[in-house]
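Chain A is the first sequence line, chain B the second, and so forth, proteins listed ahead of strands; every chain is numbered from 1.
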There are 2 protein chains.
Amino acid sequence: MLSEFLKSKRKAFNFTQEDLANKAGVGLRVVREMEQGKATLRMDKVNQVLALFGSELGVVTKQKGDE
Amino acid sequence: MLSEFLKSKRKAFNFTQEDLANKAGVGLRVVREMEQGKATLRMDKVNQVLALFGSELGVVTKQKGDE
DNA sequence: TAGGAATATACCTTAAAGGGTATAAATGAA
DNA sequence: TTCATTTATACCCTTTAAGGTATATTCCTA
């Protein structure tokens with residue numbers, strides 16, 4: 001899941017949400033809402049954050065029980 | 001890539017963009033912009049469309065030369 | 001326990017995503 | 001070539017994502 005991925009990666013690098021937001025060039029709000037699993041985020045903003053970890057949004061087979 | 005995935009899937013099922021939009025419950029515009037590779041789409045709208053093909057947005061390792 | 005840092009909520013504002021509609025351009029079959 | 005279907009552009013309008021800021025809350029650690 002996106003939020004879990006981000007939280008674990010962020011912790012692994014010992015970044016604060018603010019660090020991430022700054023590094024990614026997005027508002028603190030986006031990082032927060034990503035970690036809280038908000039569904040209506042814009043892809044470009046999410047991708048800016050994921051890029052910090054060499055990742056991005058892509059099409060994957062739907063998992064059952066993920067939400 | 002998201003746009004390629006959608007175009008090929010849509011063709012494979014012989015759907016029009018309008019079909020997809022209706023089935024997914026999104027505006028025709030979203031389907032068009034998805035196929036045209038717009039980067040600022042909302043994740044929830046994209047997921048509504050992808051769900052028709054048992055897929056969804058997920059975190060993947062960044063590909064080089066994808067854009 | 002404090003006290004400070006990190007995280008969460010809440011509010012205001014702006015830019016733009018998305019719906020709808022109309023029209024234009026492209027595609028494809030008879 | 002038609003002519004209908006599909007796809008692309010353009011416009012208006014409403015909603016809301018996202019930035020910024022302020023405040024509240026949680027979570028440490030000394």
Side-chain angles (χ1 to χ4, degrees):
Chain A
M1 193 208 272
L2 179 60
S3 66
E4 297 311 324
F5 175 87
L6 184 58
K7 273 188 278 193
S8 63
K9 279 291 182 184
R10 182 169 68 78
K11 293 301 175 102
F13 283 80
N14 267 77
F15 291 152
T16 65
Q17 292 176 339
E18 199 170 15
D19 288 338
L20 268 197
N22 290 334
K23 289 174 189 294
V26 302
L28 183 49
R29 182 192 199 113
V30 168
V31 173
R32 297 228 166 105
E33 292 180 334
M34 274 182 73
E35 293 198 356
Q36 290 170 7
K38 185 172 182 182
T40 60
L41 297 170
R42 271 171 45 178
M43 287 183 57
D44 60 329
K45 300 296 173 183
V46 172
N47 278 324
Q48 279 180 257
V49 176
L50 291 181
L52 295 176
F53 303 110
S55 302
E56 65 184 348
L57 287 176
V59 181
V60 302
T61 299
K62 200 166 164 59
Q63 315 288 357
K64 63 174 178 181
D66 54 350
E67 104 198 34
Chain B
M1 192 210 274
L2 179 61
S3 65
E4 297 310 324
F5 175 86
L6 183 58
K7 274 189 278 193
S8 64
K9 279 291 183 184
R10 182 169 67 78
K11 293 302 175 101
F13 284 80
N14 268 75
F15 291 152
T16 66
Q17 292 175 340
E18 200 170 15
D19 288 336
L20 269 197
N22 290 335
K23 289 175 190 293
V26 302
L28 183 48
R29 183 194 198 113
V30 168
V31 172
R32 298 231 166 102
E33 293 180 333
M34 274 182 73
E35 292 197 357
Q36 289 168 9
K38 186 171 182 181
T40 60
L41 298 170
R42 270 171 47 177
M43 288 181 58
D44 62 329
K45 299 296 173 182
V46 172
N47 278 325
Q48 279 180 257
V49 176
L50 291 181
L52 295 176
F53 303 111
S55 301
E56 65 184 347
L57 287 176
V59 181
V60 302
T61 299
K62 200 166 164 57
Q63 315 288 355
K64 62 173 180 181
D66 54 349
E67 106 200 33

With sequence neighbours excluded, residues passing side chain to side chain donor-acceptor pair (under 3.5 Å) with Gln48(A)
none
Among residues two or more places apart or on two chains, list those pairs meeting salt bridge (Lys or Arg N to Asp or Glu O under 4.0 Å) that have a residue in residues 30-40 of chain A.
Arg10(A)-Glu35(A), Arg29(A)-Glu33(A), Glu33(A)-Lys38(A)
Which residues end up grouped with Val60(A) if you chain together Ile, Leu, Val, Met, Phe, Trp and Tyr wherever their side-chain heavy atoms are less than 4.5 Å apart?
Val60(B)
Is the number of heavy atoms from other residues, nucleotides or ligands within 6.0 Å of CD (Glu18(B)) greater than 12?
no
Calculate, to the nearest 0.5 Å, the distance between atoms NZ and CG belonging to Lys62(A) and Leu52(B) respectively.
10.5 Å
For Thr16(B), which residues count as a side chain to side chain donor-acceptor pair (under 3.5 Å) partner, sequence neighbours excluded?
Asp19(B)
Distance in Å, Leu2(B) CG paired with Gln36(B) CD, rounded so as to fall on 0.5 Å steps:
12.5 Å
Would you jot down, in residue-number order, the residues of residues 46-55 of chain A having a non-hydrogen atom under 4.0 Å from DNA chain D?
none
Donor-acceptor contact present, side-chain Gln17(A) to main-chain Leu28(A), <3.5 Å:
no
Closest heavy-atom pair, Ser3(A) versus Gly37(A), reported as atoms and distance to 0.1 Å, is CB-N, 4.0 Å
Just grab all the salt bridge (Lys or Arg N to Asp or Glu O under 4.0 Å) pairs involving residues 40-54 of chain A, residues at least two apart or on different chains.
Arg42(A)-Asp44(A)
Using a cut-off of 4.0 Å between protein heavy atoms and nucleotide atoms, how would you tag nucleotides 24-30 of chain C 5' to 3' with B, S and -?
-------
Could you pull out the protein-nucleic contacts involving nucleotides 6-8 of chain C (nitrogen or oxygen on both sides, under 3.5 Å)?
from, atom 1, to, atom 2, distance (Å)
dT7(C), OP1, Arg10(A), NH1, 2.5
dT7(C), OP1, Arg10(A), NH2, 2.9
dT7(C), OP2, Gln17(A), N, 2.8
dA8(C), OP2, Gln17(A), NE2, 2.7
dA8(C), N7, Arg32(A), NH1, 3.1

Sequence neighbours excluded, which residues qualify as side-chain contact (heavy atoms from CB on, under 4.5 Å) partners of Leu57(A)?
Met43(A), Val46(A), Asn47(A), Leu50(A), Met43(B), Leu57(B)
Pairs under 3.5 angstrom, nitrogen or oxygen only, protein versus nucleotides 14-17 of chain D, please.
from, atom 1, to, atom 2, distance (Å)
dA17(D), OP1, Thr40(A), OG1, 3.2
dA17(D), OP2, Lys38(A), NZ, 3.1
dA17(D), O5', Thr40(A), OG1, 3.4

ring-ring contact (aromatic ring centres under 6.0 Å, His included) partners of residues 35-57 of chain A, not counting sequence neighbours, each pair once
Phe13(A)-Phe53(A)
Whether each nucleotide of nucleotides 25-30 of chain D has a protein heavy atom under 4.0 Å at its base (B), only at its sugar-phosphate (S) or at neither (-) is summarised, 5' to 3', as ------
